*Asks:* 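I have a structure here, written as structure tokens, and I will follow up with some questions on it.
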Amino acid sequence: MKKAALKDPPSPRNREAVTDGLTIAGRDFTSRLFIGTAQYPNQQVMLDAIAASGAEVVTVAMRRVRLDAGGESLFDLLGGRYFILPNTAGCYTARDAVLTAQLAREALETDWVKLEVIGDDETLFPDVEQLIPAARELVKDGFIVLPYCNDDPVTAKKLEDLGCPAVMPLGAPIGSGMGIRNPYNIRIIREMCTVPIILDAGVGTASDVTVAMELGCDGVLLNSAVARARDPISMARAVRLALEAGRLAYTSGRIPHRLYAKASSPEEGVIGRVSASKAR
Amino acid sequence: MAADRSHIIIVNGEAHDFSGGSLRALIAGFGIDPDRRGVAVALNGEAVPRAAWDATRPVPGDRIEIVRPLAGG
């Protein structure tokens, strides 16, 4: 019998976990992690945590300038180093969200917007009735709209159909750290939509990120899980690795679930058996 | 009431005395460099492009929002 030549395995040093990149609206991103800039203990920790996360996209909110104080702009701090994605956080109507997006475009010279239209201040769940017309208007106005939406496949599909180049379903309420409360819906969203799915909100720790990626999400947007961790910089590294692990697991193709055991070791030649082939 | 408001504009939710001039001058008057990126302005609920700040002349009673990016998720 001919023995197939086995190649030497790569040295563990060279086995870097490099996941494939992400493309949204024709723009390539090196990292599938999007990270928020709020709630860090201080600005230096924020900068170090963002760096440790490997994220390329960072989110910012648009707020009134304080007229009584100057201060360093976040834009000066992050512009040029990161892809700045403004959000419409705090908006409860389509009208306010559209204006906020337009102001973000003027201030940051970007057509990209993370569209949030909130319907309830306890849960911060999106208001679909406002979200969809806001998305439609912004898409028509030339924006690249990444909508934060409920984990509802029908809503996600509608957002895709009206021209959003990615959709961002929530895993759980913003800042709740509850993880992915309805993984089956996320799976259905994955199957119904062809645009990238970015899981947005709900991540509490690294494993939530892995689960999101294993479910087929194309990326994860998080903030609190890192910013409010006891050690944000270390947690940023954890979520980066978790994302790579989840993405690699997803692209590797997991084994199917089965209710009963399937032996890993060969069933032939078990010592002491009269007839190994009939052994169970 | 109307007489009290004849020199007043609302900037970021606060009433301010206003004696005329361009939107650009108004912004600069608050110590904000109008040439620096990262600032945007809405006049009565409509975004005003930077290129129009010189030609835009607010009138008393106008509502102005001056915004910039801040930490967000």
Side-chain angles (χ1 to χ4, degrees), chain A residues 34-40 43 46 58-80 84-90 95-96 98-110 114 116 124 141 148 174-175 200-201 221-227, chain B residues 4-73:
Chain A
F34 294 18
I35 195 162
T37 55
Q39 298 182 305
Y40 296 85
Q43 220 158 48
M46 175 191 79
V58 299
T59 57
V60 297
M62 297 303 295
R63 289 291 180 270
R64 286 171 168 171
V65 171
R66 279 185 58 190
L67 300 174
D68 55 349
E72 200 174 9
S73 157
L74 195 64
F75 181 72
D76 298 332
L77 211 57
L78 300 169
I84 298 182
L85 177 64
N87 68 30
T88 64
R95 187 191 161 85
D96 285 348
V98 167
L99 176 59
T100 302
Q102 288 166 342
L103 289 171
R105 175 157 72 181
E106 289 298 325
L108 302 172
E109 295 167 23
T110 179
K114 171 187 162 179
E116 277 183 56
L124 299 180
D141 195 13
Y148 165 64
I174 293 169
D200 182 2
L221 193 162
L222 57 81
N223 187 346
S224 305
V226 165
Chain B
D4 290 341
R5 295 192 155 267
S6 60
H7 301 291
I8 296 290
I9 56 169
I10 308 296
V11 182
N12 287 0
E14 298 167 3
H16 287 267
D17 283 328
F18 181 65
S19 50
S22 70
L23 191 55
R24 185 185 163 86
L26 178 95
I27 295 163
F30 284 110
I32 299 158
D33 180 356
D35 294 319
R36 240 169 78 173
R37 282 176 71 189
V39 175
V41 179
L43 176 64
N44 298 328
E46 304 280 340
V48 183
R50 189 174 286 260
W53 288 359
D54 259 326
T56 303
R57 298 190 157 262
V59 296
D62 277 352
R63 286 173 298 109
I64 291 164
E65 299 278 348
I66 307 175
V67 303
R68 65 169 190 173
L70 265 185

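Predicted model only: the values in this text are computed from it and were never measured. Below, chain A is the first sequence line, B the second, and so on; all start at residue 1.
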*Asks:* Taking everything shown except Arg37(B) itself, do over 12 heavy atoms lie less than 6.0 Å from its CZ?
*Replies:* yes
*Asks:* In terms of heavy-atom proximity below 4.5 Å to chain B, should Leu108(A) be classed as side chain, backbone, both, or neither?
*Replies:*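 For Leu108(A), backbone and side chain are both near chain B.
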*Asks:* Answer yes when Glu106(A) and Arg50(B) have at least one side-chain N-carboxylate O distance shorter than 4.0 Å, and no when they do not.
*Replies:* no
*Asks:* Would you sort out whether Asn12(B) and Val65(A) count as a side chain to side chain contact (heavy atoms under 4.5 Å, CB included), showing the intermediate values?
*Replies:* CA-CA 8 Å; Asn12(B) 287 0; Val65(A) 171; 4.3 Å; yes
*Asks:* When heavy-atom pairs shorter than 4.5 Å are enumerated against chain B, which of Ala89(A), Gly36(A), Ala38(A), Ala107(A) gives the highest number?
*Replies:* Ala107(A)
*Asks:* Testing the basics here: between Gln102(A) and Ala47(B), what is the closest heavy-atom pair and its distance to 0.1 Å?
*Replies:*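 So the two residues come closest at CB-CB, 3.9 Å.
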*Asks:* I'd like to verify something: which residue of Thr37(A), Ile35(A), Ile174(A) has the highest number of heavy-atom pairs under 4.5 Å with chain B?
*Replies:*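 It is Thr37(A).
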*Asks:* Taking all non-hydrogen atoms of both residues, which atom of Leu99(A) and which atom of Gly45(B) are closest, and how far apart?
*Replies:* CD1-O, 3.5 Å
*Asks:* Chain A heavy atoms under 4.5 Å from Val41(B): which part of the residue, side chain, backbone, both or neither?
*Replies:* backbone
*Asks:* Start with the C-alpha gap between Arg68(B) and Arg63(A), add the side-chain angles, then the distance that decides, and say whether side chain to side chain contact (heavy atoms under 4.5 Å, CB included) holds.
*Replies:* CA-CA 6 Å; Arg68(B) 65 169 190 173; Arg63(A) 289 291 180 270; over 6 Å; no
*Asks:* Less than 4.5 Å to any heavy atom of chain B: does that hold for the side chain of Glu116(A), its backbone, both, or neither?
*Replies:* side chain
*Asks:* Against chain B, work out which of Thr100(A), Val60(A), Leu221(A) has the most heavy-atom pairs shorter than 4.5 Å and name it.
*Replies:*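 Of the candidates given, the most pairs with chain B belong to Val60(A).
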*Asks:* Who among Ala40(B), Gly38(B), Gly73(B), Ala42(B) has the most heavy-atom pairs with chain A under 4.5 Å?
*Replies:*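 The option with the most such pairs is Gly73(B).
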*Asks:* Can you say whether Glu14(B) sits under 4.5 Å from chain A via the side chain, the backbone, both, or neither, judging by heavy atoms?
*Replies:*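 The side chain, not the backbone.
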